[in-house]
Undergrad: 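Quick one: this structure, given as structure tokens, is what I'll be asking you about.
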2 protein chains.
Amino acid sequence: MSVVAPVATAAVDVACLTVAADHRLLVLLAQARGGPFAGWWGLPGRLVRGNEPLDEAAAAELRDHAGLRGCYLEQLYTFGHPARDPRGRVVSVAYLGLIANCGRHPLPPGDERYLALGWRPVSPLPPLAYDHATVVRTAVARLRAKLHYTNLACRLLPGAFTFGELQAVYETVLGRPLDRRNFRKKILALRLLRPLGRTRRGPHRPAALWSFRTRRPVTVTVL
Amino acid sequence: MSVVAPVATAAVDVACLTVAADHRLLVLLAQARGGPFAGWWGLPGRLVRGNEPLDEAAAAELRDHAGLRGCYLEQLYTFGHPARDPRGRVVSVAYLGLIANCGRHPLPPGDERYLALGWRPVSPLPPLAYDHATVVRTAVARLRAKLHYTNLACRLLPGAFTFGELQAVYETVLGRPLDRRNFRKKILALRLLRPLGRTRRGPHRPAALWSFRTRRPVTVTVL
DNA sequence: CCAAAAGTGTTACAAGTACACCCATGA
DNA sequence: TCATGGGTGTACTTGTAACACTTTTGG
């Protein structure tokens, strides 16, 4: 039914995070071709269409502009400061995205909406359009908190990984080193992992390979 | 700037919770006077105006229709299923509200928007308009989770209270009994409370009165 | 003196933290 | 043989859970 002028419009923005091979935490940024922040880097996002769920709008942004499919997405927070978009009142539902192996998914060079796409470190974070710096910081805080009591780390790792790789993901996200023995003990106690029985050979002693029992979101701590 | 037809509009809904004197968890409901759910009970809420922050829209709903001022509010989740509002595409930013002593704030009888207002138990929850039953369940889950690691309980209690009253709030929200000695030990260890040095006299042995050191949101557990 | 809520300590167990050495491999 | 990351156990501390009796008051 018709809604008159002074109302707020809904949009989605996606803060898609990944851990790079060099153990840096990266966020997917896009350089706007037009709009009030033309030429600026920001998060992929757009207005929500009249008949699509929010989750699908977020997934479509990643798929259509970054070529990322099957990315984990969860709703992060809704940002609605009246002045956040100079064009008018836009309420943005922000999503946290997680993906493993950003290096495996080469980004397209750009398209009609974005001049370019790129993975950038979350610290230092370059100046971003709108309130997107706040969104990225919120996304990192959420990921950091949920690492402690969920299996979210599985979304930042490939299907088979070593304990060293798993620990590197935790250390990167948490921003501090962890004791190797205690880390292994704690993770094994959570019973989230399954040994694959295979090893990865490399320049050093071979490491056992593991996978997560399930990639469905699991909360570990009991209330 | 101008946004054409097929876009989503933003609204706010508030799930305001309180613990009644009889130790039931209640939610503030409003009976719609018009709209697609005329006559139904649901959460107070409306479309967001073009120049107001989301938080203020939520606070205004409580203030203008229920007479509640200074209620604690935090953003809960954003519900955006395309079919949630039969009139068209409305994305609803839901807020969790908390207030002490619902009995002290008599509700107005109704107004131009609502036929009536009332505090109703969250279980069993009556049939509600839109997806508001989901919103209420999400609000209860959030409150339940945050009781463990924040000082949110202070928003459900008056400025001075006994340990028995504090424990009753925890037991009501968590839905299970707690050991009195362990509860006191744990709460005191969190150092959130300040003894007032006064006691409350009643039909039994007088109980010491306490207050929270701060009502600002505090997270207790360290990462 | 009775009913009802307030107040208090100890013990057992689980979980978390700190910490050092040997192993297997490729270069 | 060396450099590098993989793999393991123990002692200590901290937190959590179970549990019963005495005190104070009003009626």
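We name chains A, B, ... by the order of the sequence lines, and we start the count at 1 in each one.
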Undergrad: Run the numbers on A:D179 and A:R181 for salt bridge (charged side-chain N to carboxylate O under 4.0 Å, His left out), then give the verdict.
TA: CA-CA 6 Å; A:D179 180 86; A:R181 286 161 293 185; 3.8 Å; yes
Undergrad: With A:Y72, which residues qualify under side chain to side chain donor-acceptor pair (under 3.5 Å), at least two apart?
TA: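 A:E74.
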Undergrad: Taking atom C1' of C:dG7 as reference, at what distance in whole Å does atom CG of B:L166 sit?
TA: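 Atom-to-atom, B:L166 to C:dG7, this comes out as 15 Å.
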Undergrad: Taking any atom under 4.0 angstrom from a heavy atom of chain B, which nucleotides of DNA chain D are the first and last to qualify, 5' to 3'?
TA: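 Nucleotide range with atoms under 4.0 Å of chain B: D:dA17 to D:dG26.
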Undergrad: Walk me through it: do A:D111 and A:R113 pass the test salt bridge (charged side-chain N to carboxylate O under 4.0 Å, His left out)?
TA: CA-CA 5 Å; A:D111 55 23; A:R113 289 262 315 284; over 6 Å; no
Undergrad: Can you confirm whether or not the ring centre of B:W210 sits under 6.0 Å from the ring centre of B:F161?
TA: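 No, they do not, as the ring centres are separated by 6.0 Å or more.
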Undergrad: Mind listing the residues from residues 157-165 of chain B sitting with a heavy atom below 4.0 Å of DNA chain D? Number order is fine.
TA: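 The answer is none.
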Undergrad: Any residue in residues 196-209 of chain A with a heavy atom nearer than 4.0 angstrom to DNA chain D? Just list them by number, or reply none.
TA: A:H204, A:R205, A:P206, A:A207, A:A208
Undergrad: By side chain to side chain donor-acceptor pair (under 3.5 Å), which residues pair with B:Y114, not counting sequence neighbours?
TA: B:E61
Undergrad: Got a second to check how far B:H23's NE2 is from B:T172's OG1, nearest 0.5 Å?
TA: 5.5 Å
Undergrad: Strictly by side-chain hydrogen bond (donor to acceptor under 3.5 Å, both in side chains), give each pair with a member in residues 153-168 of chain A just once, sequence neighbours left out.
TA: A:E165-A:R200, A:Q167-A:E171
Undergrad: Enumerate, atom names and distances included, each donor-acceptor pair closer than 3.5 Å involving a side-chain atom of residues 123-138 of chain B, sequence neighbours excluded.
TA:
residue: B:Y130; atom: OH; partner: B:R87; partner atom: NH2; Å: 3.1
residue: B:D131; atom: OD1; partner: B:R84; partner atom: NE; Å: 3.3
residue: B:D131; atom: OD1; partner: B:R84; partner atom: NH2; Å: 2.9
residue: B:D131; atom: OD2; partner: B:R84; partner atom: NE; Å: 2.8
residue: B:H132; atom: ND1; partner: B:L43; partner atom: N; Å: 2.9
residue: B:H132; atom: NE2; partner: B:D13; partner atom: OD2; Å: 3.4
residue: B:T138; atom: OG1; partner: B:T134; partner atom: O; Å: 2.8

Undergrad: Partners of B:R184 by salt bridge (charged side-chain N to carboxylate O under 4.0 Å, His left out), sequence neighbours excluded?
TA: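 Residues passing salt bridge (charged side-chain N to carboxylate O under 4.0 Å, His left out) with B:R184: none at all.
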Undergrad: Excluding sequence neighbours, so at least two apart, what forms side chain to side chain contact (heavy atoms under 4.5 Å, CB included) with A:A116?
TA: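 Counting only residues at least two positions away or on another chain, A:A116 forms a side chain to side chain contact (heavy atoms under 4.5 Å, CB included) with A:Q31, A:W41.
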Undergrad: Return the set of residues passing side chain to side chain contact (heavy atoms under 4.5 Å, CB included) with A:R213 (not counting sequence neighbours), or none when no residue passes.
TA: A:R191, A:R194
Undergrad: Can you sort out the partners of A:D55 under side chain to side chain donor-acceptor pair (under 3.5 Å), two or more places apart, ordered by chain and number?
TA: A:Y95
Undergrad: I'd like a list of close polar pairs between nucleotides 15-21 of chain C and the protein, N/O only, cut-off under 3.5 Å.
TA:
residue: C:dT17; atom: O4; partner: A:K185; partner atom: NZ; Å: 3.1
residue: C:dA18; atom: N7; partner: A:N182; partner atom: ND2; Å: 2.8
residue: C:dA18; atom: N6; partner: A:N182; partner atom: OD1; Å: 3.2
residue: C:dA18; atom: N6; partner: A:K185; partner atom: NZ; Å: 3.4
residue: C:dC19; atom: N4; partner: A:D179; partner atom: OD2; Å: 3.4
residue: C:dC19; atom: N4; partner: A:R181; partner atom: NE; Å: 3.4
residue: C:dA20; atom: N6; partner: A:R181; partner atom: NE; Å: 3.4
residue: C:dA20; atom: N1; partner: A:R181; partner atom: NH1; Å: 3.2

